[in-house]
Amino acid sequence: MNNNLTVLEINSAAVKHNLQYFKSKIQENTKILVVVKAFGYGSNAIEIAKIIQNDVAYFAVAYTHEGIALKNAKIKTPILVLHPQMTDLDCIIKYGLEPNLYSTRILKAFLTLADAQNLIDNSIHIEFNTGLNRLGFLENDIKNISSILKEKKTVKVNSIFSHLVASEDKNEREFSIKQIAKFENIANAFEKHLGFKPMMHITNTSGIINYSQAHFDMVRLGIGLYGFANDKKETSQLKNVMSLKSVISQIHQIEKGESIGYNRALIANNFMKTATIPIGHSDGIHRNLGKGKGFVTINNQKAFIVGNVCMDMTMIDITHIDCKEGDQVIIFNNQNTVEELAKISHTISYEVLTAISQRVKRIVK
Ligand SMILES: *Cc1c(COP(=O)(O)O)cnc(C)c1O
């Protein structure tokens, strides 16, 4: 039935399996936060949240509007907004989202708003920068921020967290261990100044795998839930969540000497058969997969991309494949993996998944 369009299939059993796999790696009293930013890594954040909402302690999104979408879908699990902007703070409060307050500027702005609205114990989170140099307070901000926060009845620091720089890279193990130690020192000092102990968390997917000593009160699972673990052995334990499928719109017989696609990027040396599929670079088929670098499969046979990938379409070489218009084309699935595609495009699985455009229909199975 879905054979006649481009669809991204989401396998809900695989999502559940992957969550269970990571749960088996953590202590029973360690909480799990699942990251559903960027439309659930390109899948469908709301559908993912619905599948696992009763099995996780938290969801996290990058931006406020992503959190609002989950709230509008009646997701009741607490939602941490990792990267709120100054202009969002009203909405954060209105929708009951929990902000990461990562700088003095945004912390003060939030506290001013919290005072004005007479909030009581509104949950907030504080991020510390232990080496990524992306967001967060530094160790020597502790005194200052704890004096700002001390005795505040309007807000409650629910957690403090940090983010690892290279949790997947075994060559950077020493650095990661230093980051973890730094985070523990910060947590201890913060607790002393503040007079109570917020939750602590630092590990992402690869951190969960490689630094079990640093799971602390909660772990933050992202890419692993979607079936990738930045590690062959670990990934082999996971189930593929997303499959991208398309269809043959039209077949062309190409005579020797004819060119195919924009800028005549391929000129046929011999007779060729090509198929046009309805998905292009604006949908996440990276243009550098063109000119024979990337491939799709039809009946388990590889069909390489010919010429330049177009915005909405891609042409593939089916000279030696027995197929017809309307047949299914697999761009990636459990066999044609996202990681292989990522390697050919010189990027990572994260980028391949999140690049799939919103006009591609998502189907939950
Ligand atoms: C995206 C993100 C994660 C998830 O990382 P994965 O490598 O996908 O598990 C965790 N924490 C923060 C702060 C993030 O931005």
Side-chain angles (χ1 to χ4, degrees), residues 2-9 41-42 223 226-228 230 232 235-236 240-361:
N2 301 316
N3 217 12
N4 57 353
L5 34 115
T6 301
V7 292
L8 183 72
E9 269 179 25
Y41 287 51
I223 195 80
Y226 306 96
F228 301 96
N230 308 317
K232 264 208 177 92
T235 297
S236 73
N240 186 61
V241 169
M242 288 181 249
S243 298
L244 184 58
K245 302 177 176 180
S246 192
V247 63
I248 296 177
S249 296
Q250 192 179 14
I251 290 177
H252 296 273
Q253 323 278 331
I254 309 289
E255 299 301 333
K256 182 178 172 179
E258 279 192 277
S259 61
I260 298 154
Y262 283 132
N263 306 103
R264 310 192 69 205
L266 186 98
I267 295 176
N269 281 329
N270 283 301
F271 171 81
M272 275 180 88
K273 247 185 353 169
T274 65
T276 302
I277 57 174
I279 183 167
H281 62 69
S282 72
D283 301 300
I285 306 298
H286 203 290
R287 201 163 172 280
N288 66 17
L289 290 170
K291 301 184 183 176
K293 294 200 185 67
F295 62 87
V296 298
T297 61
I298 299 167
N299 299 325
N300 287 320
Q301 291 168 278
K302 280 187 186 181
F304 284 88
I305 297 175
V306 292
N308 287 314
V309 175
C310 310
M311 188 184 289
D312 321 296
M313 285 169 255
T314 301
M315 281 79 91
I316 55 176
D317 183 358
I318 54 158
T319 309
H320 303 292
I321 301 176
D322 182 21
C323 58
K324 58 182 191 307
E325 291 175 354
D327 280 359
Q328 188 173 66
V329 173
I330 303 292
I331 294 145
F332 59 71
N333 63 4
N334 56 340
Q335 288 167 324
N336 252 14
T337 68
V338 165
E339 280 184 327
E340 194 171 354
L341 206 60
K343 213 164 130 192
I344 303 170
S345 329
H346 302 289
T347 184
I348 53 176
S349 55
Y350 298 71
E351 189 178 352
V352 173
L353 292 174
T354 56
I356 302 161
S357 72
Q358 286 300 305
R359 70 180 179 178
V360 172
K361 192 178 165 76

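Heavy-atom basis, side chains included; hydrogens, waters and symmetry copies ignored.
Side chain to side chain, Arg359 and Thr6 fail the donor-acceptor criterion of an N or O pair below 3.5 Å. Judged by distance alone, the side chains of Ser357 and Asp283 do bring a donor and an acceptor atom under 3.5 Å apart.
Counting heavy atoms from C-beta outward, Asn308 and Lys291 have side chains that approach closer than 4.5 Å. Between Ile316 and Ile298, the closest side-chain pair of non-hydrogen atoms falls below 4.5 Å. Considering only heavy atoms from C-beta on, Val306 comes within 4.5 Å of Met272 through its side chain. Looking at Ile251 and Thr274, their side chains never come closer than 4.5 Å, going by heavy atoms from C-beta outward. Within the 4.5 Å cutoff, the side chain of Ser246 has heavy atoms near those of the Ile331 side chain. Looking at Val247 and Val329, their side chains never come closer than 4.5 Å, going by heavy atoms from C-beta outward. In this structure, the side chains of Ile279 and Leu244 come closer than 4.5 Å at one or more pairs of heavy atoms. Contact check for Asp312 versus Pro278: no side-chain heavy atoms found under the 4.5 Å cut-off.
For the atom pair CD1 of Ile348 and CG of Asn230, the computed distance is 7.5 Å after rounding to the nearest 0.5 Å. In this structure, the separation between CE on Met313 and OG on Ser282 is 10.0 Å, given to the nearest 0.5 Å. How far CD1 of Ile305 is from CD1 of Ile260: 13.0 Å, rounded to the nearest 0.5 Å. Between Leu5 atom CG and Gln328 atom CD the span is 10.5 Å, to the nearest 0.5 Å. Between atom OG of residue Ser243 and atom CD of residue Gln335 there is a gap of 10.0 Å, rounded to the nearest 0.5 Å. Between Ile285 atom CD1 and Met311 atom CE the span is 14.5 Å, to the nearest 0.5 Å.
Residues meeting the salt bridge (charged side-chain N to carboxylate O under 4.0 Å, His left out) test with Lys232, sequence neighbours left out: none.
When atom types are taken as modelled, the side chain of Glu258 and the backbone of Glu255 share a donor-acceptor pair closer than 3.5 angstrom. With Asn270 contributing its side chain and Lys256 its backbone, the two residues share no donor-acceptor pair below 3.5 Å. Using a distance-only test at 3.5 Å, with no hydrogens or angles considered, no donor-acceptor pair links the side chain of Asn336 to the main chain of Asn333. A donor-acceptor pair is defined here as one N or O able to donate and one able to accept, closer than 3.5 Å; no such pair exists between the side chain of His252 and the backbone of Ile254.
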Give the intermediate values and the outcome of side chain to side chain contact (heavy atoms under 4.5 Å, CB included) for residues Cys323 and Ile248.
CA-CA 9 Å; Cys323 58; Ile248 296 177; 3.7 Å; yes

With side chain to side chain contact (heavy atoms under 4.5 Å, CB included) as the criterion, how do Tyr262 and Val309 come out once you've worked through the C-alpha distance, each side chain's angles and the decisive distance to 0.1 Å?
CA-CA 8 Å; Tyr262 283 132; Val309 175; over 6 Å; no

Is there a side chain to side chain contact (heavy atoms under 4.5 Å, CB included) between Ile321 and Lys273? Walk through the geometry before answering.
CA-CA 9 Å; Ile321 301 176; Lys273 247 185 353 169; over 6 Å; no

Verdict with supporting geometry, Glu351 and Ser345, side chain to side chain contact (heavy atoms under 4.5 Å, CB included)
CA-CA 10 Å; Glu351 189 178 352; Ser345 329; over 6 Å; no

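Shown here for Asn334 and Asn240, the closest heavy-atom pair between the two residues is N-ND2, 3.3 Å. Residues Ile344 and Lys293 come closest through the heavy atom pair CG2-O, 3.4 Å. Closest approach of Lys324 and Asp327 over heavy atoms only: N-OD2, 2.9 Å. Taking each heavy atom of Ser349 and Ile223 in turn, the nearest pair found is OG-CD1, 3.8 Å.
Note on Lys302 versus Asp317: no salt bridge recorded, every NZ/NE/NH1/NH2 to OD/OE distance being 4.0 Å or above.
Sorted by first and then second residue, the ring pair (Phe, Tyr, Trp, His ring centres under 6.0 Å) pairs with a member in residues 304-336 read Phe295-Phe304; sequence neighbours excluded.
A parallel orientation is assigned to the rings of Tyr41 and Tyr226, their planes being inclined by less than 30° (bins at 30° and 60°).
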